[in-house]
Amino acid sequence: MNKVAFVWVLYESVPRGGVDRSADAVRMGERLEQLLDALMAFPDARVAVHVTGWTLEWLLDHRGATMDALGRLVRGGQVEMLAGTQHAAVYPSVPARDLLYQVRKARRLLSRLADSTPRGFWIPLGIWESDIPCTMAREGFRHTFLDARQLQVPPGAIRPAEGYWIVERLGYALSVLALDGRLGKVCQAGLDDITRELKDKANSGASLMAAATPFEAPGEDGAAEARIETTLAACRELAHRVRMVLPAEARRALEPSGVVRSPLRMNREVAERCVSPRVVVASSRKKRGATETSELAGGWLAAAAWDWFLDRFPETNVLHKKMLWMSTWVGRLERLLWQRVESGEDPTVLANALERARGALFLAQSQAAYWPSPEGGLYDPAVRQAAHESLTRVQNIVEAVFYPEARYVAHQQLDLDRDGRTEILTSTPCFNAGVSVSGGALFDLSYKAVPLNMLWPVGRRPELEHEGVLAGGVGRPTRRKSAARSSCVLALSKETRDRVRYDRYPRWSLLDHFLGADATAENFFQCRYPEAGDFVTGSYEIVRVGYERRAHKGEVHLARNGHVGELNARELQPLRVEKTFVFDDRDPTLEVRYAITNRGPAPVQLTFAPELSFAWPVQGVGFASGAAGSGEVRHRFVLTDEGTIMRGSIDEASVLLLAVPGRQLEMSVRIDRPAAWWWFPVETVSRRGHRLRLQNQGTVFLPRWELSLWGHETQCFGITYELRDPGEAPASVDIVDEGE
């Protein structure tokens with residue numbers, strides 16, 4: 001009678017980056033204690049465990065008794081610990097230098113736990129890159145895990161149940177245990193389902209079965225202990241057909257099934273997040289009309305998950321590239337440290353700075369802010385803000401070494417997001433800013449003292465769940481249906497059907513709109529308005545980048561020669577837009593000076609509207625009237641506890657006052673001529689666990705001016721951003737709460 005070697009991995013769910021890290025670690029400590037209790041009741045059980053390096057470090061420092069008990073089980077052969085990174089980074093997204101440092105640090109912690117060096121490692125999300133064998137085999141690792149579906153092209157060509165596989169690259173080899181996705185889901189179900197699955201595998205002649213489940217499934221608080229005990233009880237009941245083994249034991253005891261040069265494709269769950277939903281839907285329809293094919297378009301989605309995902313979400317791509325840029329600065333700091341060591345100088349202060357910079361950088365490299373995880377991921381503003389804060393801390397540490405002056409404005413021109421266009425990164429003692437020549441947009445404005453990123457909302461893009469929302473149904477069916485869940489999703493679908501909208505461009509700030517005659521607040525909110533100019537996504541030229549220390553000012557001057565005109569106009573009017581970003585080297589202020597020139601001889605009527613985007617749901621807003629903000633606040637509203645926010649408009653105002661949530665700060669935006677305003681939230685509908693959620697990503701404000709330009713006439717005006725303590729409101733502005 002065949003006996004199946006059953007490898008079971010329990011792993012830590014996706015962390016939330018810098019949000020509630022200690023709370024995550026406390027929960028993991030509770031889950032590990034439940035696992036220890038279960039293993040003591042089932043001494044024949046064997047499980048593999050993976051937790052992130054940061055969680056492991058926290059547990060070693062705060063849960064010594066629990067970790068001592070876990071160490072005894074590791075030494076006794078009941079538990080195998082799998083290595084990983086500090087904060088569950090996606091391996092292809094992290095520079096090799098940082099990846100190795102994180103992995104080595106986690107391995108040192110595991111060695112401290114059990115006095116042995118781990119030989120297995122865990123790949124977050126199963127996102128593979130062909131160079132992983134080279135990196136990990138050189139570090140002494142011998143085995144890892146991948147979804148079985150990543151090894152099946154063409155279908156049926158590989159049978160992962162027969163054993164483990166060898167993945168080779170440039171002579172470096174790793175053993176890959178193929179995870180059965182179905183069993184991974186069954187392990188969250190009842191005893192009968194687990195028994196049936198294991199019996200089926202034994203009857204099919206399988207020699208190895210590997211499955212992985214998170215310690216705690218999203219939305220199932222308290223179910224982890226029951227799931228662990230249920231699975232272990234099923235394995236005890238089937239002891240004559242199933243034997244639980246550790247990954248290292250399986251690799252030593254079983255014969256390899258063959259060589260796979262590289263995983264052939266990504267699994268479906270990852271692919272659905274990486275490519276356009278239209279591609280997924282089209283591939284599903286193609287699959288239904290054909291014989292058995294691969295799950296997505298015949299397997300052409302081959303190990304390119306991360307690159308595809310960055311292409312789909314430009315905001316994530318820019319955040320990722322900013323992280324890579326800060327990694328290069330940390331590398332420069334490390335080289336400076338070694339230079340001082342070689343010259344005989346005391347490196348203590350610099351070494352401490354390097355360690356703090358690395359810690360903040362590794363936290364910013366967590367997958368939490370780059371991936372739509374079951375807990376929200378990149379769609380969660382708090383998670384994204386935590387990543388930005390970590391990167392700002394890195395920059396603060398680095399600049400304290402390289403820019404020790406009290407006053408400075410440092411500019412750097414580079415292609416940050418690798419799209420062939422130049423970005424200008426500016427740093428002052430108060431702000432980090434990023435200006436792109438694409439649209440002349442301000443895509444980053446971070447306040448260093450808090451730290452706080454005031455821009456960078458995630459735009460509205462299609463998701464697979466939207467098909468069901470727009471149809472008024474529950475979307476794609478799940479394997480485990482329930483009346484309560486279906487009614488919840490259906491109710492949310494009815495509520496949000498009219499709020500699913502898609503953006504044509506990233507929601508950067510200071511994009512220059514010239515609105516068509518039919519533009520309204522409603523169709524602008526829907527991003528279906530008529531655009532009369534070619535400036536929103538057009539390329540601006542860099543006229544000047546400089547810093548005048550005597551004037552305390554740094555400047556970035558951009559310009560574009562474009563055209564305006566209605567969609568069906570026979571002739572377009574030539575127009576020039578110049579904008580100058582003026583940074584103060586002492587105060588947290590940013591002035592933007594506009595000059596709009598009619599380059600033609602004929603007069604032109606324009607509706608000019610620079611878009612102002614903020615990366616937080618507004619909680620207190622005021623508009624002041626009068627020239628340069630003199631007068632009282634005529635309009636103020638507050639975000640409700642339910643998270644709802646109204647869309648609105650005001651006829652004339654010259655100052656916008658925004659309360660920064662969670663901070664004792666207020667942002668004021670002043671314009672030197674009154675304008676009419678529209679404002680609305682940027683809301684996305686995305687999946688969180690098994691539910692759909694309407695998430696407020698940020699807020700857009702749109703001041704609008706009606707301009708009349710004679711031939712070759714130029715009109716100038718300015719917009720000024722300023723951060724201040726709300727108790728320091730200027731005397732010329734009287735705060736009057738009217739509410740709505």
Taking it one step at a time, do Leu82 and Phe121 satisfy side-chain contact (heavy atoms from CB on, under 4.5 Å)? CA-CA 5 Å; Leu82 301 176; Phe121 67 99; 5.8 Å; no
Given Gln695 and Asp380, is the side chain to side chain donor-acceptor pair (under 3.5 Å) satisfied, shown in steps? CA-CA 7 Å; Gln695 179 69 60; Asp380 189 337; 5.2 Å; no
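- Side chains of Arg407 and His552: a donor-acceptor N/O pair is present below 3.5 angstrom, by distance only.
- Donor-acceptor pairing under 3.5 Å is recorded for the side chains of Tyr721 and Ser509.
- Of all heavy-atom pairs spanning Pro588 and Cys430, the tightest one is N-SG, 3.7 Å.
- Salt bridge Arg112/Asp61: present, at least one basic N to carboxylate O contact under 4.0 Å.
- Residue Leu110 holds its CG atom at 8.5 Å from OG of Ser116, rounded to the nearest 0.5 Å.
- A salt bridge links Arg27 with Asp24; the closest basic N to acidic carboxylate O contact falls under 4.0 Å.
- The side-chain heavy atoms of Val458 and Tyr379, taken from C-beta on, include a pair separated by under 4.5 Å.
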Start with the C-alpha distance between Val49 and Tyr11, add both sets of side-chain angles, then the distance that settles side-chain contact (heavy atoms from CB on, under 4.5 Å), and finish with yes or no. CA-CA 6 Å; Val49 174; Tyr11 63 95; over 6 Å; no
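- When every heavy atom of Ala357 is checked against every heavy atom of Val394, the shortest pair comes out as O-CG2, 3.6 Å.
- Side-chain atoms of Thr348 and Asp346 include a donor-acceptor pair closer than 3.5 Å.
- With contacts defined as side-chain heavy-atom distances shorter than 4.5 Å, the pair Glu315/Trp508 qualifies.
- From Arg356, atom CZ reaches atom CG of Asn396 across 10.0 Å, with rounding to the nearest 0.5 Å.
- Residues Leu113 and Met81 have side chains in contact (heavy-atom distance under 4.5 Å, counting atoms from C-beta outward).
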Could you check Phe402 against Leu333 for side-chain contact (heavy atoms from CB on, under 4.5 Å), going step by step and ending with a plain yes or no? CA-CA 9 Å; Phe402 290 100; Leu333 191 62; 4.1 Å; yes
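- Defined by atom type and a distance below 3.5 Å, a donor-acceptor pair is missing between the side-chain atoms of Glu57 and His62.
- Annotation: cation-pi geometry satisfied between Arg107 and Phe141 (NZ/CZ under 6.0 angstrom from ring centroid, within 45° of ring axis).
- The two atoms that bring Ala387 and Ala364 nearest to each other are O-CB, 3.9 Å, heavy atoms only.
- Salt bridge absent: Glu389 and Arg384 never bring a charged side-chain N and a carboxylate O closer than 4.0 Å.
- A donor-acceptor pair under 3.5 Å is formed between the side chain of Arg119 and the backbone N or O of Gly140.
- Between Thr52 and His87, the side chains place no donor N or O within less than 3.5 Å of an acceptor N or O (distance only, hydrogens not considered).
- The side chain to side chain donor-acceptor pair (under 3.5 Å) with Asp98 is formed by just one residue from the set Gln86, Arg358, Gln365; it is Gln365.
- The backbone N or O of Leu416 sits less than 3.5 Å from a side-chain atom of Arg418, completing a donor-acceptor pair.
- One finds no salt bridge joining Glu334 and Arg332 here, because no Lys/Arg side-chain nitrogen approaches an Asp/Glu carboxylate oxygen to under 4.0 Å.
- For the pair Asp503 and Arg507, the salt-bridge criterion is met [side-chain N within less than 4.0 Å of a carboxylate O].
- For the 3.5 Å distance criterion, the side chains of Thr422 and Gln413 fail to qualify, holding no donor opposite an acceptor.
- By the 4.5 Å heavy-atom criterion applied to side chains, Lys553 and Asp585 are not counted as neighbours.
- Within the model, atoms CG of Leu70 and CG of Leu56 stand 8.5 Å from one another, a figure rounded to the nearest 0.5 Å.
- Remark: Ile542 CD1 to Ile424 CD1 distance equals 3.5 Å, nearest 0.5 Å.
- Neither side chain, Arg670 nor Thr720, offers a donor N or O lying under 3.5 Å from an acceptor on the other.
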Decide yes or no on side-chain contact (heavy atoms from CB on, under 4.5 Å) for Asp417 and Phe443, but give the supporting numbers first. CA-CA 11 Å; Asp417 58 358; Phe443 64 85; over 6 Å; no
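- Residues Glu555 and Phe583 are not in side-chain contact: their nearest non-hydrogen atoms beyond the backbone lie 4.5 Å or more apart.
- Looking at Glu666 and Arg724, a side-chain N of the basic residue comes within less than 4.0 Å of a carboxylate O on the acidic one, giving a salt bridge.
- Using modelled atom types, one side-chain atom of Glu168 and one backbone atom of Gly171 make a donor-acceptor pair closer than 3.5 Å.
- Using modelled atom types, one finds no donor on one side chain facing an acceptor on the other under 3.5 Å when comparing Thr684 with Arg461.
- Nearest heavy-atom pair across Val94 and Ala89 is CG2-CB, 3.5 Å.
- Side chains of Leu590 and Leu442 form a contact here, defined as non-hydrogen atoms less than 4.5 Å apart.
- Tyr101 and Phe362 have tilted rings, their planes meeting at an angle from 30° to 60° on a 0 to 90° scale.
- The cationic atom of Lys579 (NZ for Lys, CZ for Arg) lies less than 6.0 Å from the six-membered ring centre of Tyr540 and within 45° of the ring axis.
- Closest of all the heavy-atom pairs between Ser93 and Leu324 is O-CD2, 3.9 Å.
- Counting heavy atoms from C-beta outward, Ser175 and Ile166 have side chains that approach closer than 4.5 Å.
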Kindly indicate, with the supporting measurements, whether the criterion side chain to side chain donor-acceptor pair (under 3.5 Å) is fulfilled by Ser446 and Asp444. CA-CA 6 Å; Ser446 300; Asp444 184 13; 2.9 Å; yes
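- Checked by atom type, the side-chain pair Tyr447/Asn453 shows no donor-acceptor distance below 3.5 Å.
- Atoms CG and CD1, on Leu510 and Ile719 in that order, are 5.5 Å from each other to the nearest 0.5 Å.
- Ring pair Trp456/His388 is tilted by interplanar angle, where 30° to 60° counts as tilted.
- Using a 4.5 Å cut-off on side-chain heavy atoms (C-beta onward), Tyr370 and Leu378 make no contact.
- Between the CD atom of Gln367 and the OG1 atom of Thr85 there is a distance of 8.0 Å, given to the nearest 0.5 Å.
- You'll find the ring centres of Tyr91 and Trp128 outside the 6.0 Å limit.
- Using a 4.0 Å cut-off between charged side-chain N and carboxylate O, Arg169 and Asp131 make a salt bridge.
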Evaluate side chain to side chain donor-acceptor pair (under 3.5 Å) for Lys448 paired with Ser427, printing each intermediate quantity in order. CA-CA 10 Å; Lys448 290 183 173 181; Ser427 178; 2.7 Å; yes
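- Proximity of a side-chain donor or acceptor of Ser343 to a complementary backbone N or O of Gln339 within less than 3.5 Å is detected.
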Checking side chain to side chain donor-acceptor pair (under 3.5 Å) for the pair His557/Glu578: CA distance, chi angles, key distance, verdict? CA-CA 7 Å; His557 186 181; Glu578 297 184 57; 2.9 Å; yes
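- No salt bridge links Glu541 with Arg560; every basic N to acidic carboxylate O contact stays at or beyond 4.0 Å.
- A pairwise comparison of heavy atoms in Pro457 and Gly698 identifies CB-CA, 4.3 Å as the closest pair.
- Ring geometry for Tyr403 against Trp329 counts as tilted: the plane angle lies between 30° and 60°, on a 0 to 90° scale.
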